[in-house]
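Per chain, numbering begins at 1; letters A, B, ... match sequence-line order.
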Protein chains: 2
Amino acid sequence: MGELGAVRLDWNGKEMPALAGLTELCLVSPGDPACRLIHGDNLAAMRALGRRAMSFMLAYLDPPFLTGRLHLRVTRARHTGTGGIVRSLGPAFDDRWSGLAEYLSELRPRLVAARDLLDDRGCMVLHVDTKTSHYAKVLCDEIFGQSCFASEIVWRYRRWPSKTANFQRVHDVLLRYVKNPRTAPRFRQLYEPLAPSTQATWGNGRQRAVFDGQGRRKRSSTTETESPGTPLGDVWNIGIVAPVARERTGYPTQKPEALIERLLQACTEPGDLVLDPYVGSGTTLSVCHRLGRAALGIDASPGAVEVTLRRLEAAGVVPLLERARTAERPRRLGKTRGAEAADGQQRRGRGGQNQMVLRARAAAPKCSPT
Amino acid sequence: MGELGAVRLDWNGKEMPALAGLTELCLVSPGDPACRLIHGDNLAAMRALGRRAMSFMLAYLDPPFLTGRLHLRVTRARHTGTGGIVRSLGPAFDDRWSGLAEYLSELRPRLVAARDLLDDRGCMVLHVDTKTSHYAKVLCDEIFGQSCFASEIVWRYRRWPSKTANFQRVHDVLLRYVKNPRTAPRFRQLYEPLAPSTQATWGNGRQRAVFDGQGRRKRSSTTETESPGTPLGDVWNIGIVAPVARERTGYPTQKPEALIERLLQACTEPGDLVLDPYVGSGTTLSVCHRLGRAALGIDASPGAVEVTLRRLEAAGVVPLLERARTAERPRRLGKTRGAEAADGQQRRGRGGQNQMVLRARAAAPKCSPT
DNA sequence: GCAGTTAATGAATCGCATG
DNA sequence: CCATGCGATTCATTAACTG
């Protein structure tokens, strides 16, 4: 069986050059170089990082899920007078698109840019759900090569039940690709507990097959050495961040630290460099700091940057903060990319946000923003 | 957000007309009309069924998984002299392809044919693994329409460990599509046990949200009525058929009855008609009989037909057996469908099999072939 | 009859030998 | 050097056996 050969995903505008002019990163403040945060478009920023010849052991991409919604974040503050908790809503990120074609058109160059930044032993993990995972996988096969596909990780969670006449969706998908299929990737084997039935039959000892003279297997036996468990599979049961968890930041679509921690433990070692082009609430940066991994995050949303700065500060880090500046703002190519992009809809987070003044010790000197 | 619009999967030969001449079904033997088995190419057979205007509430498709291997089946028999068990290997089905393009070219017309046979309230379930699931999903979106996509069901199992530097693959994927998005589909809500943490907090009582005067939720409380559990999600933990299970037939890639049973319980009612164009070991027919669903299975492999007949006989059914005959054997279109099909490779199971004489009470009058 | 123990073996992957 | 094939590995599971 050959490579994928001729099978490919096509849409109008796929081959249009991706939008990003000449970009440079401007240092906004000093900070810990092992924890960097860039405010700006992640495509522009990743290309600028490429010119700095940075290389990453893991790129974790958690893009919008094509929900068709404008996502809001909740900010909680103590009212100075009454002392009560005041909740206020603000924009987080815009996940509205003219269609799947536009969504993929934006995602594709970012996947390419992330791939280009990977270390030879590194890998990329793309977090999506079942609305887009299949298209994303075909796209990634094309970008990375089919032989670089490593895993479809299923993150299984539990959630509030709904009454739809369907099996309730209780999983997300994480697609993992290695940079180089001929290089041994960074990988530390993690283990799960043995199945109850296995423990009942074999205890905690490692099993060993016994063969007869002709090389045929006769039976198995347990050994003295204790089994570490069964190698971690690609279906992970991890709870979502509870609505009242200390971990919760108020930023929508926040991912649990336990999920990111497992990825980091398996795919990186302490000191390795991790890229997160969709920072959101800053979970990756936070866990990287806790586990001794160097991290670089990018986000265009001022809300994301603010939440992340607070969260890191609460963890005792002041990140090195930079800004991605596109010298020559590219024109939106509009009509040439097909009817679906010509609806004149307001675009997300590329204009009108760079004016925000960012301070390294931004905003509140309080605790975690719960 | 519009429909998928322009995003599509392309490959050389995609638009070639699918191979199947004028086909008719020939009754080979009388039998139970609620349990039919057709020996022949499933595309030809499905088209012939279409001319009979049959309509199905569920089509379960379990095609080869693009493993690149010739799969064998194990036949066990008691040696007439020594009384020992004699194992012998025979062909089951050929899963070797020139590439993904050829695989998809064969799958696509079968998906179309299956869709055409569905009842308006019916659904199709395609069982694949992560090598092909993403391509298959894009294909199905095109055939059924994105709005007909219902679920990506993850079947999670446990199995022997391997030492690869990767998360071990422990899941298959079942893609479910409904025929008509504007019709309420057959669906019976099934339940799972509550999570241990939920039981600890709430016991087994049904929770009830409590609201204050302004319609804001205050807290929840338990009620007297016992909770049926949490609605069944789209990640299913079901064990593979154990090597020594009574259920095991010796046919490779056999699916557990528990998996099919869950599908039937949720997507059909007693008396509904179920289609299985890739019968294999006959699990679907067997479970349909047990649950009172009428079933029609198709398989081109003589081994599959033999195993299925024995299995059904052990369950007390004699299926109505037919044969799909293509009056005018279509020529393999070879070179016109692209280089990857022009390698002169031996084709799977379409020729040289129809000569086999099939008897309704075929082969051994023994018990299940373990 | 039931519980506990023993037997049997699927099939993914790696490593090594062979051609 | 690359393709092929076989041996080794090792949980998971149920049937069969034993006390």
note: B/Trp160, atom CH2; D/dA8, atom C1'; distance rounded to Å ~ 16 Å
Atom-pair distance (CD on B/Gln168; C1' on D/dC11), nearest Å: 9 Å
Taking every heavy atom of B/His127 against every heavy atom of B/Pro63, the minimum-distance pair comes out as O-CD, 3.4 Å
On DNA chain C, compare the nucleotides closest to A/Thr201 and B/Thr253; which residue's is nearer the 5' end? A/Thr201
Show every ring-ring contact (aromatic ring centres under 6.0 Å, His included) that has at least one partner inside residues 238-268 of chain B, sequence neighbours left out. none
Pair B/Arg169 + B/Asp129: basic N to acidic O under 4.0 Å: yes
Over how many whole Å does the gap from A/Glu192 atom CD to D/dC11 atom C1' extend? 12 Å
Keeping the roles fixed (side chain from A/Ser151, backbone from A/Ile153), state whether a donor-acceptor pair exists under 3.5 Å. no
Nucleotide D/dT10, atom P - distance to CD of A/Gln199 in whole Å: 18 Å
Any ion pair linking B/Asp62 and B/Lys255 (charged N to carboxylate O, less than 4.0 Å)? yes
Between A/Arg186 and A/Glu269, does at least one N-O distance fall below 4.0 Å, as a salt bridge requires? yes
Min and max contacting nt of DNA chain C in 5' to 3' order, chain B heavy atoms within under 4.0 angstrom, are C/dA8 to C/dC14
Can you tell me how far C1' of D/dC11 sits from CD1 of B/Ile240, to the nearest Å? 10 Å
Name the closest nucleotide to the B/Val244 side chain, picking from D/dT9, D/dT13, D/dA12. D/dT13
Residue whose nearest DNA chain D nucleotide is more 5′ - A/Trp202 or B/Ser162: B/Ser162
Phosphate-side-chain proximity, A/Ser197 and D/dT13, N/O vs OP1/OP2 below 4.0 Å: yes
Rounded to the Å, how far apart are A/Asn204 CG and D/dT10 P? 16 Å
To the nearest Å, give me how far apart CZ (A/Arg208) and C1' (D/dT10) are. 9 Å
When we call it a touch if two heavy atoms are under 4.0 Å apart, what does B/Arg169 touch: a base, just sugar-phosphate, or nothing? nothing
Think B/Arg158 has a side-chain N or O under 4.0 angstrom from the OP1 or OP2 of D/dC11? no
With respect to the side chain of B/Arg246, which nucleotide from D/dT10, D/dT13, D/dA16 is positioned closest? D/dA16
If you find the nucleotide of DNA chain C closest to B/Lys163 and the one closest to B/Ala242, which residue's nucleotide is nearer the 5' end? B/Ala242
Given atom CD of B/Glu247 and atom P of D/dT14, what is their separation to the nearest angstrom? 9 Å
Is a side-chain N or O of B/Arg290 found less than 3.5 angstrom from the main chain of B/Ser286, in a donor-acceptor match? no
Pair pattern of DNA chain D in dot-bracket, where unpaired bases get dots and | marks partners in another strand, Watson-Crick or G-U under 3.5 angstrom: .||||||||.|||||||||
What's B/Thr164 touching, base or sugar-phosphate or nothing? Going by heavy atoms closer than 4.0 Å. sugar-phosphate
Do the charged groups of B/Arg246 and B/Glu257 touch, with an N to O distance under 4.0 Å? no
Counting distance only, does the side-chain N/O of A/Arg156 pair as donor-acceptor with the main-chain N or O of A/Ile238 below 3.5 Å? no
Counting N and O atoms only, with roles assigned by atom type, does the side chain of B/Asp299 sit under 3.5 Å from a partner on the main chain of B/Gly280, one being a donor and the other an acceptor? yes
